[in-house]
Q: 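Structure provided below as structure tokens; questions to follow.
In this chain, residues are counted from 1 in sequence order.
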Amino acid sequence: MELHQVRYFLAVASTLNFTRAAEQCNVTQPALTKGIQKLEEELGGQLIYRERQLTQLTDLGKEVLPMLEHTLASAERARRRAMEFRRKEVAPLKIGLVPSISALLVLDLIAEIAKLVPGLNVELREGSTEKLIDLLLEGKINAAMVGDVQDIPPRIDEWLLFEERYVAVLAPTHPLASRTSIGIDDLRETVLLERVGCDVAPKIQRLYFPEERPHLGHCSGHDLHLQYMAAAGFGVMLAPEHMPRLPTLKTIPLEGDPISRQVRLLAVQGRRYSPALDAFVKVARLRDWSIEMPYRDMPNSALSETASVLQGTQEDGELFSAKRSEGLIPTSPLRLPSGITQSR
């Protein structure tokens, strides 16, 4: 099936006149008739009934009409999208996040990239670390931000962004809310709210509950649902310090900060980076994640440095993978300061 055949059929379907349809398609009438006949042969039946001055669709023609309209519209959209991409009017960027990393962490990065890459079009995906690595290798996402990860495949580049601790999130009316810190024994005696698919859950189990399961209460696959449950007094949430929280909740550190994780950026080695991905990697690595509010705007000096790096790496309209040896970030982990809250 050829697109021009579909276009010929749709023109006849809309005009019910072969002469006007040929003029609309800018072809001769015999060429239009031949194209429709080939389409009918492929579909196995007559699409248009023509007798003297009467032209109308057959039952088969009426049946396939909406599907062929959709086919042509999809092809036109694909053509326009490809043209926009070639002209750099659209710059797709697909980012994967593990469930415990808030999308808020990347929103300011995206805002900075939009200043450097016109037409930025971002898609966020959520999944486990293993799933995100698979999506990276399959080319279905461009980059991923993950927590602690073991056995990263050799084809994956990784960059340490920062290290952060986990804290207890609970209602002000909870019995533990008056504590300055919460210890292991306290957690063993309280109800914990479970984040389904949490990538840090095995570490919590290993550190706090090596011989018994924690006292789990309600559960959800969404952090906001758990926050509402915590605000209602249904239990205590263990959450990363950067996570945006309801203003009605209280945050209390864990004694000795026993639970922490390193947040890393992942991308596939050896692949050509699009302008959007190259900008995202460089802005993320240049960002000072140790400042008081890690989700605030990146300093202008860092933005200027990013712009100069981008200009220096462009070649034939495409940007290439940054190497670890560029040294755009310190090699030591950056720990978030204590007491970070988020009100917006």
Q: Distance from L16 atom CG to L57 atom CG, nearest 0.5 Å?
A: 6.0 Å
Q: Just wondering, are more than 12 heavy atoms of other shown residues or ligands nearer than 6.0 Å to CD in E126?
A: yes
Q: Are R155 and R271 close enough that some pair of their side-chain heavy atoms sits under 4.5 Å apart?
A: yes
Q: Could you go through the side-chain contact (heavy atoms from CB on, under 4.5 Å) check for T251 and R245 one step at a time?
A: CA-CA 9 Å; T251 298; R245 294 182 287 277; 2.9 Å; yes
Q: Just wondering, do V146 and V263 contact through their side chains at under 4.5 Å, heavy atoms?
A: no
Q: From N142 CG over to L266 CG, what is the distance, rounded to the nearest 0.5 angstrom?
A: 13.0 Å
Q: Can you confirm whether V191 sits close enough to F234 that some side-chain heavy atom of one is under 4.5 Å from a side-chain heavy atom of the other?
A: no
Q: Quiz question: by atom type and distance under 3.5 Å, do the side chains of S260 and E164 form a donor-acceptor pair?
A: no
Q: Are any of the side-chain heavy atoms of Q56 and I48 separated by less than 4.5 Å?
A: no
Q: Which atom pair, heavy atoms only, marks the closest approach of I101 to G147?
A: CD1-N, 4.2 Å
Q: So, the side chain of W289 versus the backbone of A284: is there a donor-acceptor pair under 3.5 Å, distance only?
A: yes
Q: Could you check if a side-chain atom of I133 sits within less than 4.5 angstrom of a side-chain atom of P153, using non-hydrogen atoms only?
A: yes
Q: Between Q227 (side chain) and L246 (backbone), is there a donor-acceptor pair under 3.5 Å?
A: yes
Q: Between K115 and E112, is the closest basic N to carboxylate O distance under 4.0 Å?
A: yes
Q: If you take all heavy atoms of A168 and L170, which pair is closest and at what distance?
A: O-CD2, 3.9 Å
Q: Can you measure from CZ (R7) to CG (N26) and round to the nearest 0.5 angstrom?
A: 11.0 Å
Q: Can you tell me how far apart CG (L65) and OG (S14) are? Round to the nearest 0.5 Å.
A: 9.5 Å
Q: So, H222 side chain and L224 main chain: donor-acceptor pair closer than 3.5 Å or not?
A: no
Q: Treating Ile, Leu, Val, Met, Phe, Trp and Tyr as nodes and any side-chain heavy-atom pair under 4.5 angstrom as an edge, say whether L54 and F18 lie in one connected cluster.
A: no
Q: Before giving the answer on side-chain contact (heavy atoms from CB on, under 4.5 Å), spell out for L105 and F162 the whole-Å C-alpha distance, their side-chain angles and the decisive distance to 0.1 Å.
A: CA-CA 12 Å; L105 274 180; F162 63 91; 3.8 Å; yes
Q: Output yes when a side-chain donor or acceptor of K250 lies under 3.5 Å from a complementary backbone atom of A171, and no otherwise.
A: no
Q: Taking the side chain from D186 and the backbone from G183, do they hold a donor-acceptor pair closer than 3.5 Å?
A: yes
Q: Could you measure the distance from the CE atom of M243 to the CG atom of L238? Nearest 0.5 Å is fine.
A: 10.0 Å
Q: Of the non-hydrogen atoms in D223 and P99, which two are nearest, and what is the gap between them?
A: OD2-O, 3.7 Å
Q: From Q37 CD over to Q46 CD, what is the distance, rounded to the nearest 0.5 angstrom?
A: 10.0 Å
Q: Please give me the minimum heavy-atom distance between L120 and A276, naming the atom from each residue.
A: CD1-CB, 3.7 Å
Q: Is there a continuous path of hydrophobic side-chain contacts, each under 4.5 Å between heavy atoms, that joins L47 to Y49?
A: no
Q: Should L254 and R165 be marked as a side-chain contact (heavy atoms from CB on, under 4.5 Å) after you check the CA-CA gap, both sets of side-chain angles, and the distance that decides it?
A: CA-CA 9 Å; L254 304 177; R165 66 180 183 176; over 6 Å; no
Q: Could you go step by step and tell me if L132 and I141 meet the side-chain contact (heavy atoms from CB on, under 4.5 Å) rule?
A: CA-CA 8 Å; L132 294 182; I141 60 175; 4.1 Å; yes
Q: Is there side-chain contact between L277 and L93, with at least one heavy-atom pair below 4.5 Å?
A: yes
Q: Do K38 and E41 sit within salt-bridge range, that is, some charged N less than 4.0 Å from a carboxylate O?
A: no
Q: Taking all non-hydrogen atoms of both residues into account, name the closest pair between Q24 and T15 and its distance.
A: OE1-CG2, 3.6 Å
Q: Specify the closest pair of heavy atoms between S100 and Y166, including all atoms of both residues, with the distance to one decimal.
A: CB-OH, 3.5 Å
Q: Please tell me if the side chains of C25 and L32 come closer than 4.5 Å, counting only heavy atoms from C-beta onward.
A: yes
Q: Is a donor on one side and an acceptor on the other found under 3.5 Å between the side chain of E255 and the backbone of I182?
A: no
Q: Could you tell me if the side chain of E194 sits less than 4.5 Å from the side chain of H218, heavy atoms only?
A: no
Q: Does the pair D134/K131 count as a salt bridge with the N-to-O cut at 4.0 Å?
A: no
Q: Please test E76 against R79 for salt bridge (Lys or Arg N to Asp or Glu O under 4.0 Å), starting from the C-alpha separation and ending with a verdict.
A: CA-CA 5 Å; E76 292 296 336; R79 184 180 291 109; 3.0 Å; yes
Q: If only side-chain N and O atoms count, and only distance matters, is there a donor-acceptor pair under 3.5 Å linking S220 with R195?
A: no
Q: For R261, does its backbone N or O pair with a side-chain atom of D148 as donor and acceptor, under 3.5 Å?
A: no
Q: Salt-bridge test for R264 and E163: reply yes if a basic N is under 4.0 Å from a carboxylate O, no otherwise.
A: no
Q: Indicate if F280 and L124 have the same hydrophobic cluster label, given that clusters are the connected sets of ILVMFWY residues with side-chain heavy-atom separations under 4.5 angstrom.
A: yes
